[in-house]
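One structure is given below, encoded as structure tokens.
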2 protein chains.
Amino acid sequence: MILDGVELRQLEYFVAVAEEQNFTRAAVRLHVVQSAVSAAVKTLERELGAPLLDRNSKRVRLTDAGAALLPRARIALDAARDARDAVAEVHGGLRGILRIGTMTSTRLLQLPALLGEFHRRHPGVLLHTSVAPHGSQGLIDALAERRLDLAFVSLPGPPPAEIHLTELACSVLDLVVPDDHPLATREAVTLADIAGLDFIDSPVGYGNRAVTDRAFAAAGLSRRVTIEIPDIATGADHVRHGLGIALLPRFAVTDDHGVRLLSVTGADLNWTASLATPVDRPVGAAARALISLTAEFLP
Amino acid sequence: MILDGVELRQLEYFVAVAEEQNFTRAAVRLHVVQSAVSAAVKTLERELGAPLLDRNSKRVRLTDAGAALLPRARIALDAARDARDAVAEVHGGLRGILRIGTMTSTRLLQLPALLGEFHRRHPGVLLHTSVAPHGSQGLIDALAERRLDLAFVSLPGPPPAEIHLTELACSVLDLVVPDDHPLATREAVTLADIAGLDFIDSPVGYGNRAVTDRAFAAAGLSRRVTIEIPDIATGADHVRHGLGIALLPRFAVTDDHGVRLLSVTGADLNWTASLATPVDRPVGAAARALISLTAEFLP
DNA sequence: GTCAAGTATCACCGATGGTGATCGTCACGA
DNA sequence: TCGTGACGATCACCATCGGTGATACTTGAC
């Protein structure tokens, strides 16, 4: 037994605890009871001859040994998944779990339709999608840290070196104003017309927010973002109730009574969605299958 | 359980069977009974949903799925060893198994002294040395296929792209003849003097054999190798008993009664020993420690 | 047809991994 | 200071697992 009893199950439990910083949440994620995780990590520490986690009833932290182990444990788990996927690919059926990060607003990409089709083609693959609490930048971080296999992001500007972006779709952001707003009678406006006004927008880190911030900065103008909303589908409602104006894609305005949509000229308000993949490691077979389907589905 | 019960132990058993092409030999290597290996591989096949080995009582072959799995299983096992070694490195004591390939004749490098010192410094590391049945080329193959972590080889000419060689030591091969041989009264000879004669040499694939073959080829000459011996320590004995002449390093001739050693001029008969390391993957902590000790020990 | 070597299956048994209960610890708020 | 809630570690229990040893079956070689 050249690995002294160390097994993938133990590495998986360790990684879950390290990521959750909590044994109980890790147990929920792993679908076992808390004491099973506690015992498995204790056995792993005995087998490796080093404490990996420094913990009490209030806090869980990595030790130096644990910090050394964590990225390598992820690599070992990814390698084992890749091995399993390679067998599935040869044997005619992909299996496993594909961890996908998505932006809050997936309608830019018709993601439900894409994932639905993927599921029909590969029923053995479980899709774990997670929405980005910290926007696309948070998804990029998770991808780099091997907590995600793929991510659908909106990231204006060049990506980090370890991430490859494939542009998938693009939508223009229009100005949405209440229909009694002084600008409501216009067909189009410029950024100068709306500089300094109160805006409703997504939080910093979201792709659409980055697009709007960049456009104002490029024009040498500023504005006030007085309300941040994580879901742009509620943007038109906020506008309707007079809480501010907003720059939104048309598809996010499903009920346009009480608001007007105006074009914005002379500014780059293109909101691009991309598929982010890692550069520094091969992607698994299921991820490759989804990448292929994405290329075929969203030309 | 995102890997559906697949564990490192199973991958390890599968790799052993694939390499040995025999369940019984794999069991010996793994220190378990044959039925344990048979059962573990069967379970792995069930968990992956594909037959991995096509076998009967006479023969074991990889299926396509097994061929897809094998290199990836090795990568996963290496990744897990690396994870374990990283913890050991941080925690102050290297552990694990270091698989080292060596040429049959290690005295060129004083390898026993080197490995003895390594063992004293890192008692937690088990050294598995294997001699090369197919010479240094076989060791290079084993290194590329992840069956070895490091190898001490003699490989004249450029190495393959995925292997890095660090030259460690060099010895000149001298001509050894019976003391009643017509050339025995000479101090030195050229290759032309000995072209066409019967030689004792190592098998093809051994480093020293490659050196001698290259020297004759470079001179546009040939010779007959009538006896191949895997251990050059027995070379002088063969010469003494009149079975042929040989090109050997001086250290391999411990008893020179009945033979003469002659220099060979005008030919490149330098037999170089090198440490071969993989280029395409990081080496583990124990391997890095041995590489460092080799640099310090054999300047 | 016989035989030796090897793989698969089986009965058995100690070890393992999970559950559920519970104890001890630790911030935190009253 | 004390009570509390949340959490990790330990324990008893138990179903399952993984290994052993025996053996049945298969398969080339002779």
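Just so it is clear: chains get the letters A, B, ... in the order the sequence lines come, proteins before strands, and each one is counted from 1. What you are looking at is a predicted structure, and each value in this text was computed from that prediction instead of being measured.
- For B:F23, taking side-chain heavy atoms from C-beta onward, the closest of the listed nucleotides C:dG6, C:dT19, C:dA8 is C:dA8.
- The pair A:R74-A:E145 does not count as a salt bridge, with every side-chain nitrogen at least 4.0 angstrom from each carboxylate oxygen.
- Checked by atom type and distance alone, the side chain of B:R99 pairs as donor or acceptor with a backbone atom of B:R146 at under 3.5 Å.
- Between the side chains of A:T63 and A:D54, not a single donor N or O lies within less than 3.5 Å of an accepting N or O.
- One can place CD of B:Q21 at 18 Å from P of D:dT27, the figure rounded to the nearest angstrom.
- Residue A:K42 has its side chain nearest to D:dT10 when only D:dT10, D:dG19, D:dG8 are considered.
- Atom CZ of B:R25 and atom C1' of C:dA5 are 11 Å apart (whole Å).
- A:R9 places its CZ atom 10 Å from the P atom of D:dG18, with the value rounded to the nearest Å.
- Per the geometry, CG belonging to B:L8 stands 13 Å off P belonging to D:dG18, to the nearest Å.
- The residue B:T43 sits apart from the nucleic acid: no heavy atom pair falls under 4.0 Å.
- Across the protein-nucleic acid pair, B:E20 atom CD and C:dT7 atom P stand 11 Å apart, rounded to whole Å.
- Judged by distance alone, the side chain of B:R25 and the main-chain N or O of B:E20 form a donor-acceptor pair under 3.5 Å.
- Salt bridge status for A:R81 with A:D85: absent, with no side-chain N to carboxylate O gap under 4.0 Å.
- Summarising the geometry, the separation between CD on A:Q34 and P on D:dC11 is reported as 14 Å, rounded to the nearest angstrom.
- Base engagement by B:S38 is indicated by at least one non-hydrogen atom pair under 4.0 Å involving a base atom.
- A salt bridge does not link B:E7 with A:R84: every distance from a Lys NZ or Arg NE/NH1/NH2 to an Asp or Glu carboxylate oxygen is 4.0 Å or more.
- For the pair A:E47 CD and C:dT16 C1', the interatomic distance rounds to 11 Å; values are reported in whole Å.
- Taking 3.5 Å as the limit, the base of D:dG8 and the side chain of A:S35 contain no donor-acceptor pair of atoms between them.
- The distance between atom CG of A:N22 and atom P of C:dA27, rounded to the nearest whole Å, is 15 Å.
- Residues from residues 55-66 of chain B with heavy atoms under 4.0 angstrom of DNA chain C, sorted by number: B:R55, B:N56, B:S57, B:K58, B:V60.
- Checked against C:dG6, D:dC7, C:dG18, the side chain of A:A36 finds its nearest nucleotide in C:dG18.
- Without hydrogens or angle criteria, A:H91 side chain to A:V87 main chain gives no donor-acceptor distance under 3.5 Å.
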